[in-house]
Amino acid sequence: QVQLVESGGGSVQAGGSLRLSCGAYGYTYNIYYMGWFRQAPGKQREGVAVIDSDGSTAYADSVKGRFTISQDNAKNTVYLQMNSLKLEETAMYYCAAAPRYSGWLMSLSPADWRYWGQGTQVTVSS
């Protein structure tokens with residue numbers, strides 16, 4: 001079993017920055033992909049960014065150029081640096097993880113991911 005614990009959420013003004021962290025614990029040896037997703041009230045969960053163990057990344061078009069996903073493999077931790085935050089990006093942000101042979105490559109679809117954290121709230125205000 002894999003446990004994911006997010007931190008770093010909070011309140012920020014529009015245009016500001018936040019850095020989220022996600023630590024992976026337990027049977028992490030088979031984790032190859034880690035990603036960030038978000039869900040705003042009344043909306044479906046959506047993919048934000050994905051990174052694999054080799055450091056390849058993928059982003060949703062809406063965050064390209066503003067968000068950066070990174071990882072520290074030694075600490076089993078993935079980060080999401082979010083800059084120029086927008087009001088509409090207020091949401092619960094979730095960390096997710098998946099094994100190497102998941103049948104897909106760099107998926108941003110929440111249905112493809114196996115392990116999930118409890119989420120951390122990000123609130124962007126004017």
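All values below were derived from every heavy atom in this structure, side-chain atoms included, with hydrogens, water molecules and symmetry-related copies excluded.
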To the nearest 0.5 Å, what is the distance between CD on Gln71 and OG on Ser21?
13.0 Å
Verdict with supporting geometry, Gln1 and Tyr115, side chain to side chain contact (heavy atoms under 4.5 Å, CB included):
CA-CA 9 Å; Gln1 190 65 284; Tyr115 305 108; 3.5 Å; yes
Atom pair OG1/CZ of Thr90 and Arg38 - distance to nearest 0.5 Å:
10.0 Å
So does Gln118 have more than 12 non-hydrogen atoms from other groups sitting under 6.0 Å from CD?
no
Inter- and intrachain pairs under disulfide bond (SG atoms under 2.5 Å apart), touching residues 17-54, at least two apart:
Cys22-Cys95
For the rings on Phe67 and Trp36, is their centre-to-centre separation under 6.0 Å?
no
Kindly work out whether a path of hydrophobic side-chain contacts (I/L/V/M/F/W/Y, heavy atoms less than 4.5 Å apart) joins Ile69 to Leu108.
no
Closest heavy-atom pair and its distance - Leu80, Val48:
CD2-CG1, 4.2 Å
Six-ring centre of Trp113, Arg45 cation under 6.0 angstrom, axis tolerance 45°
no
Determine, for Glu88 against Lys43, whether the closest basic-nitrogen to carboxylate-oxygen distance falls under 4.0 angstrom.
no
Show the nearest heavy-atom pair for residues Asn83 and Ser17, with the distance to one decimal.
OD1-OG, 2.9 Å
So CE of Met34 and OG of Ser53: to nearest 0.5 Å the spacing works out to 9.0 Å
Give me the atom names and distance for the closest heavy-atom approach of Tyr32 to Pro99.
CB-C, 3.8 Å
Closest non-hydrogen atom pair between Gly47 and Ala60, with its separation
O-CB, 3.4 Å
Testing Glu6, Met82, Gln81 one by one against Leu20 for a side chain to side chain contact (heavy atoms under 4.5 Å, CB included), which residue passes?
Met82
Residues Val2 and Tyr27: closest non-hydrogen pair is CG2-O, 3.1 Å
Establish, from distance only, whether the side-chain atoms of Tyr79 and Asp72 form a donor-acceptor pair under 3.5 Å.
no
From CG (Leu4) to OG1 (Thr28), nearest 0.5 Å
10.0 Å
Show the numbers, then the answer: is there a side chain to side chain contact (heavy atoms under 4.5 Å, CB included) between Thr57 and Tyr59?
CA-CA 7 Å; Thr57 59; Tyr59 295 91; 3.6 Å; yes
Could you see if Val124 belongs to whatever hydrophobic cluster contains Tyr94? Use Ile, Leu, Val, Met, Phe, Trp, Tyr and a side-chain cutoff under 4.5 Å.
no
State the OG-CD1 distance between Ser70 and Ile51, to the nearest 0.5 angstrom.
6.5 Å
Checking side chain to side chain contact (heavy atoms under 4.5 Å, CB included) for the pair Tyr33/Met106: CA distance, chi angles, key distance, verdict?
CA-CA 8 Å; Tyr33 298 101; Met106 310 302 285; 3.7 Å; yes
From Tyr93 atom OH to Thr120 atom OG1, the distance as rounded to the nearest 0.5 Å:
10.5 Å
Cluster question for you: counting only ILVMFWY and a side-chain heavy-atom cut-off of under 4.5 Å, with indirect links fine, are Met92 and Val5 together?
no
Asp54 side chain to Ser56 main-chain N or O, any donor-acceptor pair under 3.5 Å?
no
Considering non-hydrogen atoms only, spot the tightest contact between Leu18 and Val12 and give its length.
CD1-CG1, 4.0 Å
